[in-house]
Number of protein chains: 2
Amino acid sequence: MTDRTVLIVDDEKPIREMVEFSLERSGFRVVEAGDAAEARVAITDHQPDLILLDWMLPDTSGLDLARALRRENMLGDVPIIMLTARTEEEDKVRGLEAGADDYVTKPFGPRELIARIQAVLRRSGGDEAEENLEIGPLRIEIAAHRVMVNDNPIHLGATEFRLLKFFAGHPDRVYTREQLLDRVWGPNVYVEERTVDVHIRRLRKALDGTGAERFVQTVRGAGYRFSTRE
Amino acid sequence: MTDRTVLIVDDEKPIREMVEFSLERSGFRVVEAGDAAEARVAITDHQPDLILLDWMLPDTSGLDLARALRRENMLGDVPIIMLTARTEEEDKVRGLEAGADDYVTKPFGPRELIARIQAVLRRSGGDEAEENLEIGPLRIEIAAHRVMVNDNPIHLGATEFRLLKFFAGHPDRVYTREQLLDRVWGPNVYVEERTVDVHIRRLRKALDGTGAERFVQTVRGAGYRFSTRE
DNA sequence: CAAATGTGTCATGGATCTGTCACATCCCGC
DNA sequence: GCGGGATGTGACAGATCCATGACACATTTG
């Protein structure tokens, strides 16, 4: 439900924009690709939670791309929804064999699309978010949008909250400033990389004296990491 | 979420059976009606939690039936999902005004239908506490439609009462203005989001000096929250 | 019918947040 | 130690968000 990234692969920009508009209104992050090559880059860069894949692409068919991605194991269990103008049963079968999880037939409306996406995500993924995260003295209450340290609330700006939430959900792993901007600020936001430093600083300051400030770690030359160890 | 009763109103028996089959597999109880007259009987007899209403019925239109049922107050806040073959935006708007909560366009698949049903139930159901709520110095007497603070009644407008009731039933959770409009004002009401601010303000003013005003909390950039802590 | 009340909208001002910069400090290889 | 790149830190201006009072209109009450 919350904060999932959807990759839309379609060569027609108007369709991509319609999809982006609808999905962002529903709280998804949206990444676009116009062809198979762009799609591969986007998958690597943004690690989407779901892929909307047009049947026809300029450089290859969506079917082939889906099959290739599954074969190359680039996706794990990320679901694929095919977008197609065709309605033949035969195509559906072939698409499902290629690794698609569902179909949407053009033309489609935003409600239908969102219903399908949520149905597929509900099936394939545990909704990971939503429950509270507890790390040492920290408790991140997602629903309440609140962070407690030893049962005392601490105040964070919206950006610091998202940053901490992301970190807490992905511990023991270094993220570059670029990756953090992508995952915390969003894929279509362009700010200076050094901005990350400033928010790291603000997060540390907010956690100062709680015993949790040591979890936010700098990895020189690489980025930042959230970890209880070290 | 389990054991909800769904009434399907459609004159085509195959469709009723398809729906019944799908929904029962998902744990719903299903009641059928073939026309508006049967629908009225079924509503009285079974008090469904949700109604699937075909656009075209032999004795009247689904639109008229929905409107009539709402007007006669036979439904309370039981949500209606319209089933329609038409896709014109005009019809959708008219249907929503008539009291439908969502649309499914024929032909639809079982997955889509269930996704919609669950979405609508999630929105409209779930609250409806019947017993009184006590939170700190507050006692919300649902049936009496009255709020007491330390055994002294305080006056609230109808909107503020619903808002407080909703909040008290869903504490420690942030709701966006949009969500509050949906849950407190109702899914088919269109007012400005800022209106929420004003009613929050009025609620706070009514609670001022009681020690309960601190429960109504602003979460900057996210929405509002009701919580006894912080 | 008039007054009182409830509701939605708006404009305003103040508080807070955010991105950026400049400069200080740190760390590493040499 | 030294130099230079990387990171920490404080300050700042613009952007954003929200509280608040006023107002028009509708509804209810007397």
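So that the names make sense, note that chain A is the first sequence line, chain B the second, and so on, each numbered from 1.
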Original post:
Whole Å only: how far is the CD atom of A/E160 from the P atom of C/dT16?
Top reply: 15 Å
Original post:
Rounded to the Å, how far apart are A/E192 CD and D/dT7 P?
Top reply: 15 Å
**OP:** Just call it for A/Y224: base, sugar-phosphate, or nothing, with non-hydrogen atoms closer than 4.0 Å on any strand.
**Re:** sugar-phosphate
Subject >> Ion pair B/R146/B/E141, N-O distance below 4.0 Å >> reply: yes
Subject >> Gap between atoms CZ and C1', on B/R194 and C/dG8 respectively (whole Å) >> reply: 14 Å
Original post:
Under 4.0 angstrom, heavy atoms only, what part of the nucleic acid is B/E193 near: base, sugar-phosphate, or nothing?
Top reply: nothing
Subject >> B/F167-B/F215 aromatic ring centre distance below 6.0 Å >> reply: no
Original post:
Reckon A/H155 has a side-chain N or O less than 4.0 Å from the OP1 or OP2 of C/dC17?
Top reply: yes
**OP:** Starting from C1' on C/dT7, measure out to CZ on B/R162 and report it in whole angstrom.
**Re:** 11 Å
Original post:
Does a side-chain N or O from A/W185 land closer than 4.0 Å to OP1 or OP2 of C/dT18, or not?
Top reply: no
Original post:
When only distance counts, do a donor and an acceptor, one from the side chain of B/R220 and one from the base of D/dC18, lie under 3.5 Å apart?
Top reply: no
Subject >> Nearest to side-chain heavy atoms of A/A158, which nucleotide of C/dT20, C/dT18, D/dT20 >> reply: C/dT18
Original post:
So, are A/R29 and A/D49 salt-bridged, with charged N and O less than 4.0 Å apart?
Top reply: no
Original post:
Between the side-chain atoms of A/R202 and the base atoms of D/dG8, is any donor-acceptor pair under 3.5 Å?
Top reply: no
**OP:** Side chain of A/R177 only, please: which of C/dT7, D/dT7, C/dC21 is the nearest?
**Re:** D/dT7
Subject >> Below 4.0 Å: OP1/OP2 of D/dC18 and any side-chain N or O of B/T218 >> reply: no
**OP:** Under the side chain to side chain contact (heavy atoms under 4.5 Å, CB included) rule, what do A/L69 and A/V78 come out as? Steps first, then yes or no, please.
**Re:** CA-CA 10 Å; A/L69 290 172; A/V78 173; over 6 Å; no
**OP:** Would you classify A/V196 as touching base, sugar-phosphate or nothing, given that sugar-phosphate means primed atoms plus P, OP1 and OP2, and contacts are heavy atoms under 4.0 Å?
**Re:** nothing
Original post:
To the nearest angstrom, how far is A/H145 atom NE2 from D/dC17 atom P?
Top reply: 13 Å
**OP:** Measure from CD1 on B/I200 to C1' on D/dA19 and round the result to the nearest Å.
**Re:** 12 Å
Original post:
Between A/E38 (side chain) and A/G34 (backbone), is there a donor-acceptor pair under 3.5 Å?
Top reply: yes
Subject >> Phosphate OP1/OP2 of C/dG19: any A/H199 side-chain N/O under 4.0 Å >> reply: yes
Original post:
Under 4.0 angstrom, heavy atoms only, what part of the nucleic acid is B/R204 near: base, sugar-phosphate, or nothing?
Top reply: sugar-phosphate
**OP:** May I have the distance from B/L181 (atom CG) to C/dT7 (atom C1'), rounded to whole angstrom?
**Re:** 13 Å
**OP:** Identify which nucleotide among C/dT16, C/dG8, C/dG19 has an atom closest to any side-chain atom of A/V191, counting heavy atoms from C-beta outward.
**Re:** C/dG19
Subject >> Which residue lies more 5' along DNA chain D, comparing A/D197 with B/G221 via nearest heavy atoms >> reply: A/D197
Subject >> Side-chain N,O (B/R201) to OP1/OP2 (D/dT20) below 4.0 Å >> reply: yes
Subject >> Carboxylate-amine/guanidinium contact A/R16 A/E32, below 4.0 Å >> reply: yes
Original post:
At under 4.0 Å, does any side-chain N or O of B/Y190 touch on OP1 or OP2 of C/dT9?
Top reply: no
Original post:
In whole angstrom, what separates A/D208's CG from D/dT9's P?
Top reply: 9 Å
